Amino acid sequence: QVQLVESGGGSVETGGSLNLSCAVSGDRYDSYCMAWFRQAPGKKREGVAVILTDGTTQYAESVKGRFTISKDNSKKSVYLQMSDLNPDDTAMYYCAADSFGLELQALYMEPDHFNYWGQGTQVTVSS
């Protein structure tokens, strides 16, 4: 079983930065693709960034150049550095994990492809 615990959310003003963390517990950590999703009220959950087991990353167009996903295998943790935040980034942010027989599938960042989820951490950006 895999458990994911996010932290680091909060409230910032437009242009500010936040760093999210996701601690992963359980076996087979090295076999999981890790992703960050977000969901704003009344909207569908959307993929923000994903990192494959080999370190390959993919980002949603809306966050490219502003967000960076990374992982520290020694700490079993995944991070999302967010900068130049704007009100459209306001959402609950979720960490997700799963193993993929074909890891390229993870790059599509489809929520249905991930079976393990954290409880979420709220990010609020004020104008």
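Note that the structure is a prediction, hence the values are computed from the model and not measured.
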Any side-chain heavy atom of Ser17 within less than 4.5 Å of one from Gln81? no
Phe37-Val48 co-clustered via ILVMFWY side chain contacts under 4.5 Å: no
Show me the side-chain donor-acceptor pairs of residues 114-127 shorter than 3.5 Å, one per line, residues at least two apart or across chains.
{"from": "Asn115", "atom 1": "ND2", "to": "Asp98", "atom 2": "OD2", "distance (Å)": "2.8"}
{"from": "Trp117", "atom 1": "NE1", "to": "Phe114", "atom 2": "O", "distance (Å)": "2.9"}
{"from": "Gln119", "atom 1": "NE2", "to": "Glu6", "atom 2": "O", "distance (Å)": "3.4"}
{"from": "Gln119", "atom 1": "NE2", "to": "Glu6", "atom 2": "OE1", "distance (Å)": "3.4"}
{"from": "Thr121", "atom 1": "OG1", "to": "Gly9", "atom 2": "N", "distance (Å)": "3.1"}
{"from": "Gln122", "atom 1": "NE2", "to": "Ala91", "atom 2": "O", "distance (Å)": "3.4"}
{"from": "Gln122", "atom 1": "NE2", "to": "Thr124", "atom 2": "OG1", "distance (Å)": "3.4"}
{"from": "Ser126", "atom 1": "OG", "to": "Val12", "atom 2": "O", "distance (Å)": "3.4"}

Value rounded to 0.5 Å, distance of CD in Glu103 from CG in Asp54: 6.5 Å
Side-chain touch Tyr94/Leu4, heavy atoms, less than 4.5 angstrom: no
Supply the atom-to-atom distance Thr53 OG1 to Lys71 NZ, rounded to the nearest 0.5 angstrom. 5.5 Å
Roughly how far, to the nearest 0.5 Å, is OG1 of Thr68 from CG of Leu80? 8.0 Å
How long is the straight-line distance from CG of Leu104 back to SG of Cys33, given to the nearest 0.5 Å? 9.0 Å
Rounded to the nearest 0.5 Å, how far apart are CD1 of Ile51 and CG of Leu107? 11.0 Å
Same apolar cluster: Trp36 and Met109, side chain cutoff 4.5 Å: no
Over 12 foreign heavy atoms within 6.0 Å of CG, Asp72: yes
Single-linkage hydrophobic cluster Tyr93~Val50, side-chain heavy atoms < 4.5 angstrom: no
How about Ser21 and Ser77: do any of their side-chain heavy atoms sit closer than 4.5 Å? no
Taking salt bridge (charged side-chain N to carboxylate O under 4.0 Å, His left out) as the cut-off, I'd like each qualifying pair that reaches into residues 80-91, sequence neighbours left out, listed once. Arg38-Asp89, Arg66-Asp89
For Gln105 and Phe100, the nearest pair of non-hydrogen atoms, with its separation, is CB-CD2, 3.9 Å
So do the side chains of Val24 and Val2 get within less than 4.5 Å of each other, counting heavy atoms only? yes
Are Asn73 and Tyr29 linked by a side-chain donor-acceptor pair shorter than 3.5 Å? yes
Using 0.5 Å steps for rounding, measure from the CZ atom of Phe67 to the OG atom of Ser83. 7.5 Å
Can you name the nearest heavy-atom pair linking Leu52 to Ala106, along with the distance? CD2-CB, 3.7 Å
